Amino acid sequence: MKHPENMKAVASAGPDVMGLIFYGKSPRYFEGMLPELPESLKMAGVFVNAEVETVLEKATKYGLSYLQLHGDETPEYCTALRSALKASGNRAELIKVFSVAGEDDLSGSDKYENCADYFLFDTKGKNRGGNGLQFNWQVLQAYKLQIPFLLSGGIGPEDLKALEGFLLSPEGRNCVGIDVNSGFELEPGLKDDKRLKNFISRIRETENIKN
Ligand SMILES: O=C(O)c1ccccc1NCC(=O)[C@H](O)[C@H](O)COP(=O)(O)O
């Protein structure tokens, strides 16, 4: 999210988490002030190979609950970030992203088991994120770890039925969130709140069946 008025409109659509991108090369790069948002709404910050100090500074400034690491951050980096967060009394959780084209791209995830709270599986593409492309979700049959994950990459309103199937399938067992982006945009950084509202309520129905 980028524009304060759009953030307020999207907040009314009822997402659990809203994302801010702190990567200078993204057309969705966020800087400035947040508008007043519901207290229940959590904020995620998206970073690409940022310095630990930068991540800490943004986490504090924007009250981030989740730090989404969308670059080549190593397990050592994640451990160092966690230590720095702990030392400063910050309870933000880490989401480590994996760019997926095939099964092989999941193979390094076990190295992050002790230093990430969640994984996010996005589609490998020419940009770090926001490529608007889907990977074959069946690949996640090969994911055997216990770390809960978010599904991402080119998800749009037309994917509801496929998502319902995925969430109820064995490979969707550990999926705790759907991350959407360009599939719901009118332009980069400007989301269509009406489409999001319908999407979110349908996904919540599936979640109720699942639980
Ligand atoms: O969206 C961006 O511009 C972006 C740039 C660099 C790193 C991450 C970025 N987005 C983070 C996300 O979590 C997106 O939601 C994810 O990549 C999926 O995007 P899309 O394929 O457009 O649905």
Side-chain angles (χ1 to χ4, degrees), residues 1-3 6-7 10-11 13 15-32 41-51 54-55 58-59 62 64-74 77-78 81 92-102 105-106 109 112 116-137 139-140 147-160 162-163 166-167 172 175-193 195-196 198-200 202-203:
M1 298 299 302
K2 188 168 172 173
H3 307 289
N6 191 221
M7 286 183 200
V10 167
D16 295 306
V17 183
M18 188 174 273
L20 304 173
I21 301 209
F22 299 110
Y23 176 56
K25 291 186 185 157
S26 168
R28 303 176 181 86
Y29 178 69
F30 176 76
E31 55 187 343
L41 179 67
K42 295 191 171 168
M43 302 304 292
V46 178
F47 301 90
V48 177
N49 300 332
E51 300 286 342
T54 308
V55 179
K58 301 286 189 200
Y62 295 107
L64 305 176
S65 298
Y66 302 102
L67 306 173
Q68 183 175 318
L69 307 174
H70 225 104
D72 311 306
E73 298 85 3
T74 60
Y77 172 96
C78 295
L81 177 56
E93 295 187 292
L94 301 194
I95 303 175
K96 180 66 190 105
V97 178
F98 295 88
S99 298
V100 181
D105 297 306
L106 306 177
S109 51
Y112 292 82
D117 298 286
Y118 301 91
F119 292 149
L120 184 147
F121 299 119
D122 192 6
T123 311
K124 197 174 267 187
K126 73 174 171 42
N127 299 316
R128 289 290 186 169
N131 285 294
L133 300 171
Q134 264 178 37
F135 67 94
N136 179 359
W137 304 336
V139 161
L140 296 174
I147 304 264
F149 69 87
L150 294 100
L151 183 70
S152 183
I155 294 170
E158 66 287 355
D159 295 313
L160 268 170
L163 279 168
F166 174 78
L167 289 170
C175 181
V176 292
I178 308 295
D179 171 45
V180 301
N181 186 23
S182 58
F184 287 85
E185 285 183 330
L186 304 165
E187 63 180 53
L190 186 67
K191 263 64 180 181
D192 183 335
D193 56 295
R195 285 185 149 189
L196 276 168
N198 176 56
F199 182 82
I200 291 167
R202 290 279 303 274
I203 290 290

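One-based numbering, in listed order, for ligands and for the atoms of each. Just so it is clear, the model here is predicted, and its values are computed rather than measured. Residue numbers start at 1 and run along the sequence shown. These values consider heavy atoms only, across backbone and side chains, with no hydrogens, waters or symmetry-generated copies.
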Tell me which protein heavy atom sits closest to [atom], plus the residue, atom name and distance to 0.1 Å.
atom                    : result
atom 15 (O) of ligand 1 : D179 OD2, 2.7 Å
atom 10 (N) of ligand 1 : I21 CD1, 3.4 Å
atom 17 (O) of ligand 1 : D122 OD2, 2.5 Å
atom 11 (C) of ligand 1 : H70 CE1, 3.5 Å
atom 7 (C) of ligand 1  : G129 N, 3.7 Å
atom 18 (C) of ligand 1 : S152 OG, 3.2 Å
atom 23 (O) of ligand 1 : G154 N, 3.2 Å
atom 1 (O) of ligand 1  : N181 ND2, 2.9 Å

For M1 and N6, work out which heavy atoms get closest and say how close.
CE-OD1, 3.3 Å
Could you check whether any side-chain heavy atom of [X] comes within less than 4.5 Å of a side-chain heavy atom of [Y], counting everything from C-beta outward?
X    : Y    : value
D179 : D122 : no
L160 : I203 : yes
Y66  : Q68  : no
P15  : L41  : yes
D159 : I178 : no
R28  : S182 : yes

List every atom of ligand 1 that sits less than 4.0 Å from any heavy atom of [X], numbering the atoms from 1 in the order shown and giving each element.
X    : value
S26  : 2 (C), 3 (O), 5 (C)
Q68  : 11 (C), 12 (C), 13 (O)
V46  : 8 (C)
G153 : 18 (C), 21 (O)
G132 : 20 (P), 21 (O), 22 (O)

Check whether F98 forms a cation-pi arrangement with K96 (NZ or CZ under 6.0 Å from the six-membered ring centre, at most 45° off the ring normal).
yes
Run through Y112, F121, W137 and flag the one making a ring pair (Phe, Tyr, Trp, His ring centres under 6.0 Å) with F149.
F121
Quick check: S182 and ligand 1, any N/O pair under 3.5 Å apart?
yes
Can an N or O of Y23 be found at a distance shorter than 3.5 Å from an N or O of ligand 1?
no
Is a side-chain donor or acceptor of E73 paired with a backbone partner of N49 at a separation under 3.5 angstrom?
yes
Does G183 reach ligand 1, in the sense of a heavy atom lying below 4.0 Å from it?
no
